[in-house]
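Only one structure is covered here, and it is reproduced in the block below.
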Amino acid sequence: MTDATITATPPVKAATPVRSAFGDIWHQFRAHRGGVAGLVIFVFILLAVVIGPYIHRVAPNAINIRDKNQWPSLAHPFGTDNLGKDMLAQVLAGGRISLAVGVTAMLLALFLGTLVGVLSGYFRRLDGPLMRITDLFLALPLLPLLLVILMLFRDTLRATFGPETGIFILIVFVIGITSWMHTARIVRGDVLAVKSQEFILAAKSSGMREFRIIIKHILPNVLSSIMVSATLGIASAIITESALSFLGLGFPSDFPTWGRLLFDGANFLQLTPSRVLWPGLAISLTVLSVNYMGDAIRDALDPRALKH
Amino acid sequence: MLLSGNSMEASGGSVTPVLSVKNLSTSFRVNDEWRTVVRNISFDVAPRETVAIVGESGSGKSVTSLSIMRLLPKNSSRIEGEVFLNGRELLSLPEEQMRQVRGNEISMIFQEPMTSLNPIFPIGKQIAEALTVHKDISKADAKAEVVRLLEKVRIPNAKSRYDEYPHQFSGGMRQRVMIAMALASKPKLLIADEPTTALDVTIQGQILDLIKLLQEEEGMSVLFITHDMGVVAEVADRTIVMYRGDAVETGETGDIFHRGKHPYTRALLSAVPRLGSMGDRRLPLRFPIIDIKTGEQQPLADVTDTVAKGKTPILDVKDLTTRFDIHSGLFGRKSGAVHAVEKVSFNLFEGETLSLVGESGCGKSTTGRSVTRLITPTSGDVTLDGYEVMKLDQSTLRQMRRSIQMVFQDPFASLNPRMSVGSAVMEPFIEHSLGTKQQARDKAASLMEKVGLSADMMRRFPHEFSGGQRQRVAIARALMLDPKVIVADEAVSALDVSIKAQVCNLLLDLQQSLNLAFLFISHDMAVVERVSHRVAVMYLGEIVEIGPRAAVFENPQHPYTKKLMSAVPVPDPSRRRIKRNMSTDEIKSPIRPVNYVPPKREYREVSHGHVVQVG
Amino acid sequence: ERGTDGDLKILFWQAVSTLNPYLSGGTKEVYSSSMVIEPLARYDEKGELAPWLVTEIPTVENGGVSKDMMSMTWKLKPDVKWSDGTPFTADDVVFTWKYCVAPDGGCAQKAQYEGVTSVEAVDPHTVKITFSEPKYYPYSAFVGAQSPVIQKKQFENCVGAKAPGCTSANFGPIGTGPFVVKDFKPNDVITYAANPNYRDPAKPAFATVTLKGGGDAASAARAVLETGEFDYGWNMQVEPEVLATMLKAGKGELVTAFGTQVERINLNWYNPDPKLGDKRSTKEAGPHPALKDPAVRRALSMAIDRNIIDEAGYGEAGRPTCNIVPGPEAYASTANDWCLTQDVEGANKLLDEAGWKKGGDGIRAKDGVRLSFLYSTSTNSVRQATQELVKDMWSQIGVDAELRNVSASVFFGGDPASPDTFQKFYADVEMYTNNFDGTDPEKYLAEWLCDKVPSPENGWQGQNIPRYCNPEYDKLVAELSKTADIEKRIELSKKANDMLTEEGAHIPLIYRGQVSSHSVSLDGVKMNAWDSELWNAADWSRKK
Amino acid sequence: MFTYTLRRLLFAIPTLLIISFVIFALLDLAPSDPTGDLPLTIPPEVREQIRASLGLDQPFAIRYLKWLQQFFINEPLNIFESLTGWQVGDGDRMRVLSWATRSPVVDLIVQRLPQTLWVVGLAYLFGVLIAIPIGVISAYKQYSIIDQIGTFLAMVGYSVPTFFTGVLLIVIFSSYLQWFPSVYDTNLRVTDFSTFIAQVKQMALPVAVLALYNAAQITRFVRASMLDNLHQDYVRTARAKGVKEKTVLLVHVLRNSLIPVVTVIALGVPTIFSGAIITEQIFRVNGLGQLLITAVQGADIPLVQTLTFIFAVLIVLFNLIADVLYGILDPRIRYD
Ligand SMILES: Nc1ncnc2c1ncn2[C@@H]1O[C@H](COP(=O)(O)OP(=O)(O)OP(=O)(O)O)[C@@H](O)[C@H]1O
Ligand SMILES: Nc1ncnc2c1ncn2[C@@H]1O[C@H](COP(=O)(O)OP(=O)(O)OP(=O)(O)O)[C@@H](O)[C@H]1O
Ligand SMILES: [Mg+2]
Ligand SMILES: [Mg+2]
């Protein structure tokens with residue numbers, strides 16, 4: 001009865017159609033120029049490495065020693081390496097592996113890190129044990145650890161999943177479990193700060209379950225650090241993968257990856273600069289595009305952020 | 001009418017105004033379109049003059065003041081018009097010069113003190129900054145000055161609280177910190193946005209006196225935004241009435257009060273509750289609702305007695321004690337404790353409203369949080385709806401919380417900034433799986449409308465609301481679960497009279513239909529008088545007087561209660577500029593040394609259920 | 001003139017960890033200490049023995065070696081002094097032997113003294129070595145950079161278990177060589193100064209030497225060839241075209257020497273199927289299902305174009321070879337030169353005839369056995385390139401390879417718990433380089449004896465990695481060990497070598513030389529593959 | 001806070017013991033062998049004897065306890081003796097000896113520390129010093145040209161590995177321009193101006209490579225965290241006080257944004273001591289990173305164990321420092 005009078009509808013146009021929360025974020029995301037550019041580039045790279053090999057039909061392993069160390073030409077748009085393998089084909093093939101490894105390993109590390117970080121930041125009782133485990137992992141010498149993992153699991157995985165998938169799982173696992181600690185500590189710090197804010201108290205007072213509080217209230221507020229970890233994580237996962245192959249832990253040497261192409265090419269910097277240019281560019285572009293997408297997601301989830 | 005000559009002069013225009021606002025319009029970008037929330041506002045503020053802006057919650061008062069200060073987010077807001085400060089146009093001033101103006105020539109008290117204070121700096125430092133930014137002043141001098149200011153705004157133990165952080169302060173104390181910060185630089189113009197909402201009437205009176213004093217001594221002008229018509233009547237020379245982004249009426253306060261022309265003005269004034277208007281009614285009374293267009297009052301439905309005495313109380317609190325340790329020194333040794341709540345006992349029956357009143361910082365919010373175990377009390381027993389609150393494990397605690405809901409004193413801080421208010425309101429409902437998402441949305445929408453917001457605001461985020469709107473969101477959220485008890489901590493303090501009336505009526509309706517019990521924490525004695533069955537008066541962490549509303553209001557026994565009753569401002573402009581001379585008494589502090597043993601208290605029953613602390 | 005040419009800067013991309021070669025058998029330690037401590041006799045750049053601290057090389061002819069080959073006598077030069085000024089005597093030589101064979105000492109060069117029952121000082125300048133059985137090639141103890149003489153005075157208290165604790169002695173041995181150690185930072189940098197008591201007063205020309213360690217081969221090459229920061233760079237294991245680019249700067253040049261190193265692919269004669277668990281690659285596992293076929297072994301070798309591998313990965317530093325004993329020149333057989341030219345057609349034909357049929361995927365198979373091999377090696381960019389090339393070549397004859405590379409420290413580490421060591425050989429084929437010390441291959445050829453097959457019983461320590469076992473071969477090697485006549489020894493060695501290649505115990509690929517680089521201003525470098533590369537550092541000088 | 005710190009310090013002892021045990025077990029399990037580096041010409045029997053002389057034939061537990069004794073008793077006593085000149089006992093103690101060099105591990109570390117601190121430490125310091133202002137500006141002027149350039153450089157700097165940037169810089173600055181040496185001279189002592197210049201020159205490239213990498217990472221966290229706080233109401237309050245924009249940013253916003261930054265920085269400090277393996281290799285700085293990698297490759301267990309353990313101590317310590325800093329930075333965070 002009273003509503004009609006004092007609270008006539010405010011001077012707002014009953015506006016915009018109702019969107020789902022996800023639709024909302026997507027809408028925000030689309031408005032973000034950098035994010036869209038990042039997405040376009042990322043999709044382009046993705047398409048290139050997935051479809052590219054069907055267009056540029058040169059086998060990445062095809063050796064043609066007569067054509068070695070060539071500068072870019074029509075036959076070899078990216079040039080060739082010192083065994084005469086076509087660089088374009090290698091960059092495309094390498095992209096498949098690098099992207100797959102980079103993204104999955106990053107997601108695994110991010111998942112572990114966020115999980116540990118949130119749990120130890122939020123639950124005081126878990127904080128001590130989890131953070132000490134984090135300390136332990138930070139302190140473990142990486143190389144021996146990798147060698148042990150390799151020794152223990154490689155043959156089993158190879159037997160169960162075949163050489164390639166087995167190695168893929170192994171690499172993702174190895175990178176994942178050795179790179180979650182930074183994220184964990186950063187997230188924990190953020191969680192400690194966020195959880196002391198009053199809206200968490202308010203959520204508790206309405207009887208929210210802890211894990212819902214974590215998901216709906218804590219996580220969105222620590223998202224920006226997680227996003228940064230994610231972008232940096234992709235880059236380091238791609239590089240780490242190449243480092244692993246020097247321990248014999250990576251993919252067999254006839255499987256090119258961006259990191260390895262870059263490493264192998266480094267010595268040929270003066271002879272055939274295109275050998276390092278392309279894989280380097282590919283890594284940087286991927287990381288940049290992921291970075292911009294991360295920015296856009298961050299901004300889309302931050303109602304106060306400057307929309308671009 | 002003592003000093004009215006002053007204001008006559010000002011409004012007469014013979015003196016150049018300190019502040020002159022011309023055709024100010026402000027818009028926000030929401031969902032890619034510009035929405036104007038302040039439209040073509042013009043007004044002047046003369047030297048030494050106090051101009052009040054009153055108006056509906058969400059009508060653009062805060063936005064107006066922020067526009068003058070140019071403090072709105074640059075990328076999502078647009079300000080048009082002109083603002084002159086002593087003849088200088090502010091809106092086109094270069095940023096650096098504008099900075100010189102802020103805090104120096106104009107300072108501002110923000111509406112929400114919790115979020116407006118930097119959480120990681122000691123409050124002393126934050127106030128001192130206001131001094132050191134514009135003046136060449138030594139650290140020690142600044143500190144001394146800050147302590148003096150803190151004492152002026154009646155913060156007890158000012159020296160030792162200099163180094164404390166905002167979260168260790170009560171709502172009202174934070175507000176006073178904001179006030180001290182704004183007054184520190186002795187500005188030419190003070191913009192005060194709801195500066196006293198969280199203050200009890202005694203301290204409010206002292207603060208108002210302080211402002212008046214500064215006006216006289218320093219020639220400060222004041223732009224005062226408030227919902228409290230009593231305060232307006234007391235301080236304002238002239239008054240501007242805002243309604244939905246427009247200034248609908250401007251004039252001498254007296255004129256506005258007695259001869260308001262706009263229907264909203266009239267509606268506003270006739271809804272103002274007056275202390276003592278309840279007579280000898282035992283039960284709460286609905287607020288009259290006036291139609292803005294016709295100015296007619298709708299008939300009041302009577303309330304029935306909802307209190308189910310005889311049954312066991314739904315909330316029973318015994319000897320509740322909550323203390324906050326104070327650490328000091330290099331090694332953080334415990335050097336004392338804030339005895340925020342000390343042996344508090346009371347009960348609350350179904351369908352009953354118990355109001356908790358008392359000085360700012362006396363422990364009301366802490367009591368409210370302790371009974372819901374959001375703070376772990378030091379000792380005491382709380383029984384709520386059959387639950388032994390102090391002994392519950394996590395999952396039963398969660399179930400228990402369905403029965404008791406809280407409206408936090410600081411609505412902005414209690415809303416997740418990254419969650420739309422719709423989700424925030426729906427969340428508890430979904431969490432306790434009381435229905436489908438659609439049901440949740442429908443219920444939330446209807447509650448939003450009931451508290452005077454529109455359902456399509458649900459997609460907005462907390463920062464896009466006005467203070468009062470956020471408060472209503474918080475109320476809607478608390479109502480989502482149909483709890484048995486609601487702890488309403490200053491739940492209506494930021495609402496203008498008309499909406500306050502509407503919301504209070506809503507609460508009463510719910511009490512009628514659902515037999516809700518309220519623990520109603522408020523400083524607004526007029527509202528307390530209208531809505532409560534019983535009243536408890538707190539002082540320094542203890543309940544000093546408790547009893548049926550009529551008994552306590554008509555026959556206050558404890559000296560503090562008496563003082564409180566006498567300090568309530570009266571919405572009568574003719575009483576303007578009368579000094580109370582109360583600020584000389586000593587400020588008592590709840591901080592005790594480590595080995596402090598609280599004295600044994602004795603109580604005397606005045607009449608049935610009316611108990612007073614003695615000695 | 002001594003000490004007039006200033007500082008000599010040497011770069012080793014693997015850093016030197018100690019200057020006592022008896023405590024660390026690494027090449028870099030042996031080389032870097034060779035500037036300070038010296039053996040009685042050295043091999044020169046042609047692989048011929050040269051008297052160093054002795055007056056002549058003892059032979060049967062000059063009576064230095066007894067007729068029964070049971071003892072030999074060294075005559076020391078009379079005027080040699082240690083760098084601290086004390087005389088160099090037979091006692092020091094005797095002590096050196098005692099030092100190395102002391103129990104608990106963990107001497108890395110013990111093999112040099114194998115079969116030596118006593119070393120006596122006949123007089124201060126005569127040393128007699130007695131052997132436990134006739135030694136037909138007796139030049140091992142105190143010969144070559146691996147067994148230099150150390151000073152008794154300095155190491156007297158460092159024998160046996162005490163050896164590791166003598167840090168200052170290990171880091172600064174007193175020697176008779178052209179330089180003395182001034183400062184040693186383990187695994188980083190060594191500073192030497194000219195030895196004031198060096199026997200040739202005109203030498204060395206350089207006053208000081210700085211030997212820096214660490215980094216990688218390519219950047220070491222760059223520092224010598226391109227930026228000219230260093231005078232000498234050891235072991236330029238870099239892709240030939242990269243070196244060629246660097247050489248264009250004109251600051252340095254490459255020097256190569258060929259010793260006995262051969263990069264080879266070992267073929268596993270036993271079955272390494274993972275399903276066999278711990279039995280794999282052992283006698284119990286039985287013969288390799290595919291590689292037991294001589295046709296397959298031969299075809300694998302025929303399909304390889306060694307020239308391409310050489311061109312892609314070695315350049316100047318390698319030559320295609322079919323021998324496992326590629327040098328000294330006299331020992332190099334030419335009997336199996338068929339493998340020097342790639343013969344894909346022939347290989348295909350061979351396999352066809354042997355009944356290996358190509359399947360739908362282009363891989364040959366017979367009786368359910370596919371010609372698909374796990375091909376492992378240690379991690380190293382040249383090896384990986386070779387792997388790829390070989391895989392490519394094998395694919396032309398319908399053979400598939402799964403490549404694997406294992407970190408060198410694991411591959412050569414020999415940890416019995418690791419499945420990846422080259423001894424365990426849990427792969428079908430594996431590739432690495434091996435060589436032998438000095439110029440005599442007898443001990444080396446004995447590695448292919450039946451009883452040297454690695455197995456759990458001997459802790460996988462046998463050296464017969466391919467698990468080749470042929471009584472004929474065993475007989476041949478036994479004969480070699482009893483032959484004194486050089487010509488006859490050469491003949492027997494060649495025969496053994498040819499047998500190994502023909503039978504397909506392994507596929508020799510590349511005769512690897514050592515490549516080092518030095519700046520154009522450095523004079524006197526004589527690249528030596530038989531001894532320390534720095535063997536004649538006393539003669540080095542700055543070009544004027 | 002004090003009791004918390006004390007409790008954490010006490011708790012650090014068992015933590016570190018466990019960590020040391022795990023490291024030891026891990027190294028023992030790892031399939032590398034100290035004789036793996038030896039030429040293949042050295043026969044197996046000799047290898048076996050070398051292993052025995054290193055003590056590898058003893059059971060695992062004994063070796064671990066021995067290491068504990070050497071590291072926690074003998075080495076501290078030794079340091080004590082060399083500091084005070086007093087003799088405790090007969091002074092004949094088995095110290096932790098590196099297998100590859102047979103030299104006391106502690107001496108090796110002391111020898112390596114200066115160049116590591118100079119190069120890696122300075123690079124880290126520069127990295128932080130560059131990163132914070134860039135991050136602050138990037139956030140303040142979000143999506144401005146400066147921000148875009150900063151983002152671009154940071155991401156490229158982070159995604160292009162040091163093994164490549166190092167070689168690139170050497171080719172440009174050492175080979176073509178010949179400005180800086182490509183090999184670090186650890187023997188150089190700074191005694192006068194010209195040696196100082198030489199030192200600066202030889203540090204320039206490795207420090208640049210590392211600083212870029214470090215800065216890239218930290219900037220991103222500074223920027224993200226600043227963005228979270230830039231729109232808070234208290235920033236408005238500070239502006240309303242008339243506080244200078246610089247102060248608003250550097251005092252009010254930055255302090256509130258420091259928690260993730262402090263975490264990243266604290267996590268990075270121990271890595272200074274573990275060195276920068278690749279960069280040290282490329283420029284032959286031969287600091288602790290190079291020491292560690294050679295030790296790992298050579299399966300020099302005592303050296304690896306000791307280095308990693310010291311590293312672990314630093315990690316535990318700096319994480320504790322970070323935690324204490326949280327409490328100081330944000331008074332709402334309380335641990336007790
Ligand atoms: N940042 C923003 N973005 C969009 N809309 C906003 C924003 N800030 C305020 N508004 C809207 O502008 C209107 C005026 O808000 P304002 O804060 O000035 O109200 P008010 O008069 O101060 O009310 P109250 O008394 O409740 O504080 C409200 O409808 C509010 O929803
Ligand atoms: N977290 C805390 N740490 C330390 N002291 C606190 C804390 N919370 C509240 N206090 C202190 O407890 C006392 C009571 O605070 P409380 O918030 O209950 O007051 P209040 O009655 O609600 O006052 P107001 O009306 O001003 O909101 C105050 O002195 C306050 O400073
Ligand atoms: Mg407002
Ligand atoms: Mg309160």
Side-chain angles (χ1 to χ4, degrees), chain C residues 11 15 17-18 20 23-27 104-111 161 163-165 167 170-171 183 185-189 191 210 212-216 219 222-223 226-227 229-230 249 407-415 417-421 432 434-437 458-459 461-463, chain D residues 29-54 94-95 97-104 107-108 111-112 115 166-167 170-171 174-175 178 181-183 185-187 280-286 290-291 294-300:
Chain C
L11 191 54
S17 59
T18 177
N20 184 346
L23 290 186
S24 162
T27 314
D104 305 330
C107 173
Q109 307 298 354
K110 227 175 197 163
T167 309
N170 295 335
F171 283 3
D183 181 38
K185 294 200 174 106
N187 279 334
D188 183 14
V189 59
T191 322
T210 312
K212 173 87 179 176
D216 60 301
S219 63
R222 180 167 282 124
E226 211 171 77
T227 69
E229 286 166 79
F230 280 79
S407 144
S409 67
V410 176
F411 193 64
F412 299 117
D415 184 334
S418 166
D420 286 329
T421 63
Y432 59 89
N434 200 354
N435 67 322
F436 54 94
D437 277 342
N458 59 21
Q461 292 296 9
Q463 291 150 302
Chain D
L29 222 64
S32 38
D33 189 279
T35 60
D37 267 359
L38 299 183
L40 293 179
T41 46
I42 291 181
E45 316 83 68
V46 176
R47 284 168 196 267
E48 211 40 64
Q49 281 167 15
I50 295 176
R51 274 197 206 102
S53 78
L54 298 174
M94 191 60 194
R95 303 183 61 187
L97 286 188
S98 137
W99 285 349
T101 66
R102 310 299 178 105
S103 135
D107 295 359
L108 289 177
Q111 205 168 58
R112 294 306 179 95
Q115 54 259 41
V167 174
I170 286 184
V171 168
S174 301
S175 296
Q178 310 245 333
S182 70
V183 177
D185 178 4
T186 40
N187 278 342
E280 286 190 6
Q281 285 258 39
I282 290 179
F283 296 97
R284 295 185 170 75
V285 176
N286 292 352
Q290 191 258 2
L291 186 66
T294 12
V296 168
Q297 281 166 350
D300 192 347

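Lettering follows sequence order; numbering is per chain, from 1.
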Using non-hydrogen atoms only, which part of [X] is less than 4.5 Å away from chain C: side chain, backbone, both, or neither?
| X | result |
| --- | --- |
| D/A299 | neither |
| D/R112 | side chain |
| D/A295 | neither |

Could you state the interatomic distance from [atom1] ([X]) to [atom2] ([Y]), rounded to the nearest 0.5 Å?
| X | Y | atom1 | atom2 | value |
| --- | --- | --- | --- | --- |
| D/I50 | C/S24 | CD1 | OG | 8.0 Å |
| D/D185 | C/K212 | CG | NZ | 6.5 Å |
| D/T41 | C/N434 | OG1 | CG | 7.5 Å |
| C/D188 | D/T294 | CG | OG1 | 10.0 Å |
| C/N187 | D/S103 | CG | OG | 9.5 Å |
| D/I170 | C/T227 | CD1 | OG1 | 8.5 Å |

Where do [X] and [Y] come nearest, in terms of heavy atoms and distance?
| X | Y | value |
| --- | --- | --- |
| C/T18 | D/A100 | CG2-O, 4.1 Å |
| C/E226 | D/S175 | OE1-OG, 2.5 Å |
| C/A108 | D/V46 | O-CG1, 3.7 Å |

Side chain [X], main chain [Y], donor-acceptor under 3.5 Å:
| X | Y | value |
| --- | --- | --- |
| C/Q463 | D/P43 | no |
| D/N286 | C/G213 | yes |
| C/K110 | D/Q49 | no |
| D/R102 | C/S17 | no |

Across all chains, not counting sequence neighbours, the side-chain contact (heavy atoms from CB on, under 4.5 Å) partners of C/D420 are A/L150, A/R154, C/R404, C/V406, C/V410, C/S418
Counting heavy-atom pairs under 4.5 Å with chain D, the top scorer among C/N458, C/L11, C/D104 is C/L11
Residue from C/G165, C/A249, C/G462, C/P164 scoring the most non-hydrogen pairs under 4.5 Å with chain D is C/P164
Structural part of [X] lying under 4.5 Å from a heavy atom of chain D:
| X | result |
| --- | --- |
| C/K185 | both |
| C/N435 | both |
| C/N20 | neither |
| C/A111 | both |
| C/T421 | neither |
| C/A417 | neither |
| C/E229 | side chain |
| C/F411 | neither |
| C/A15 | side chain |

Name the option with the most non-hydrogen atom pairs under 4.5 Å to chain C; the candidates are [options].
| options | answer |
| --- | --- |
| D/D33, D/T35, D/T101 | D/T101 |
| D/I42, D/D107, D/L29, D/V183 | D/V183 |
| D/R51, D/Q111, D/Q297 | D/Q111 |

Under a 3.5 Å threshold, yes or no: a donor from one side chain and an acceptor from the other, between C/T210 and D/N187? no
Could you please spell out the steps behind the side chain to side chain donor-acceptor pair (under 3.5 Å) verdict for C/R222 and D/S174? CA-CA 9 Å; C/R222 180 167 282 124; D/S174 301; over 6 Å; no
**Prompt:** Under 4.5 Å between any side-chain heavy atoms of D/I282 and C/S219, yes or no?
**Reply:** no
